[in-house]
Amino acid sequence: IYTYSMSYRGKWRPNSPNKYEGDHNNIVYRSLWERQTFRWCDDNPNIKSWGSETVVVPYISKVDGKRHRYFVDLKITFTSGKTILVEIKPKKQTVKPKKSARKTKKYIKEVYTYGTNTSKWEYAERYAENKGWSFEIWTEEKLQSLGIKILKQDKYSYGKKKRKNSHPIRKNSEKRVPKNISTKKPK
């Protein structure tokens, strides 16, 4: 059985806490891409201030018709005065899923995720526009064009497969036997 894993969380401490909007002791990244982007924001002399999940955009989902809250990945204000809201996503999640002959669980999940994301992004775009800002989605291509290093995330990487319940040493054919059960054959 394979599962797709995208989570890689941790706390991050800035070198320039005065540039961070919000509690600089409680900055959480949810992917290595976010962590690298935080570092880029912190070190970039053209950035006056930045914040992670400091902007909350209310939206109504196309998928369920209910009100939700969208915590935008980044708010960046440049020294030029320009402010942008940024969502960091793998390119695969920014394109409409290809129609499938069969409606598999994977396909249904992709459609649901895409519908939810596009709802968030439409509301974020309007929210930013009303404030005189802009909204951008940064994929791996954009991150690389900015000089942000894309780290290989091993088992945590976007879209990579990892085996469920696999042991790094034991081969799949070997079965785990509880200690209190003898494996010797009776005489």
Expected list for residues 45-53: side-chain donor-acceptor pairs under 3.5 angstrom, two or more places apart:
unit_1, atom_1, unit_2, atom_2, d
S49, OG, E21, OE2, 2.7
E53, OE1, R30, NH2, 3.1
E53, OE2, R30, NE, 2.9

Query raised in the report: Hey, mind stepping through K82 and I84 against side-chain contact (heavy atoms from CB on, under 4.5 Å) and telling me if it holds?
Result: CA-CA 7 Å; K82 178 182 177 184; I84 60 172; 3.6 Å; yes
Query - Derivation and outcome, side-chain contact (heavy atoms from CB on, under 4.5 Å), residues V86 and I76 - result: CA-CA 8 Å; V86 176; I76 303 172; 4.1 Å; yes
Requested in this report: Please name all residues satisfying side-chain contact (heavy atoms from CB on, under 4.5 Å) with K109, sequence neighbours left out, ordered by chain then number.
Outcome: T113
Do any side-chain atoms of residues 58-67 form donor-acceptor pairs under 3.5 angstrom with protein atoms, and if so which ones, sequence neighbours left out?
unit_1, atom_1, unit_2, atom_2, d
S61, OG, V63, N, 3.0
K62, NZ, T118, OG1, 3.1
K62, NZ, E122, OE2, 2.9
D64, OD1, K66, N, 2.9
D64, OD1, H68, NE2, 3.2
D64, OD2, H68, NE2, 3.0

Requested in this report: Using side chain to side chain donor-acceptor pair (under 3.5 Å) as the criterion, list what pairs up with K11, not counting sequence neighbours.
Outcome: N26
Report summary line: So OG of S31 and CZ of R9: to nearest 0.5 Å the spacing works out to 11.5 Å
Query raised in the report: By salt bridge (charged side-chain N to carboxylate O under 4.0 Å, His left out), which residues pair with K131, not counting sequence neighbours?
Result: none
**Report entry** Charged tip of R35 within 45° of F38 ring normal and under 6.0 Å
**Finding:** no
Query raised in the report: Listed by chain and number, what are the side-chain contact (heavy atoms from CB on, under 4.5 Å) partners of N25, not counting sequence neighbours?
Result: R13, D23
Query - For E110, salt bridge (charged side-chain N to carboxylate O under 4.0 Å, His left out) partners two or more places apart - result: K106
Query - side chain to side chain donor-acceptor pair (under 3.5 Å) partners of R39, counting only residues at least two apart - result: Q36
Report task. Walk me through it: do I148 and W33 pass the test side-chain contact (heavy atoms from CB on, under 4.5 Å)? Result -> CA-CA 8 Å; I148 297 170; W33 292 1; over 6 Å; no
**Report entry** Cluster check F135, L143: I/L/V/M/F/W/Y, side chain < 4.5 angstrom
**Finding:** no
**Report entry** Distance-minimising heavy-atom pair for D42 and K19
**Finding:** O-NZ, 3.1 Å
Query raised in the report: Which residues, ordered by chain and number, are linked to F71 in its hydrophobic cluster, where ILVMFWY side chains connect at heavy-atom gaps below 4.5 Å, directly or through other members?
Result: V56
Query raised in the report: Is I27 linked to I88 within one hydrophobic cluster, defined over Ile, Leu, Val, Met, Phe, Trp and Tyr using a side-chain heavy-atom separation of less than 4.5 Å?
Result: yes
Query raised in the report: In chain order, what residues pass the side chain to side chain donor-acceptor pair (under 3.5 Å) check against E136, with sequence neighbours excluded?
Result: W138
Report task. Find the distance between CG (N15) and CG (D43) and round it off to the nearest 0.5 Å. Result -> 6.0 Å
Query raised in the report: Does anything in residues 73-118 pair up under ring-ring contact (aromatic ring centres under 6.0 Å, His included), and if so which pairs, sequence neighbours excluded?
Result: none
Query raised in the report: Between OG1 of T37 and CG of N44, what distance do you get to the nearest 0.5 Å?
Result: 11.5 Å
Report summary line: Those residues at least two apart in sequence (or on a different chain) that pass side chain to side chain donor-acceptor pair (under 3.5 Å) with T77 are T83
Requested in this report: Report the distance from atom CH2 of W133 to atom OH of Y127, rounding to the nearest 0.5 Å.
Outcome: 5.0 Å
Query - Name of the residue among K89, K92, K91 meeting salt bridge (charged side-chain N to carboxylate O under 4.0 Å, His left out) with E141 - result: K91
Query raised in the report: E34 and V28: which non-hydrogen atoms are nearest, and at how many Å?
Result: OE1-O, 4.2 Å
Query - CG-CD distance between L74 and E87, expressed to the nearest 0.5 angstrom - result: 9.0 Å
Requested in this report: List the steps and the verdict of side-chain contact (heavy atoms from CB on, under 4.5 Å) for T94 and T139.
Outcome: CA-CA 8 Å; T94 65; T139 65; 4.0 Å; yes
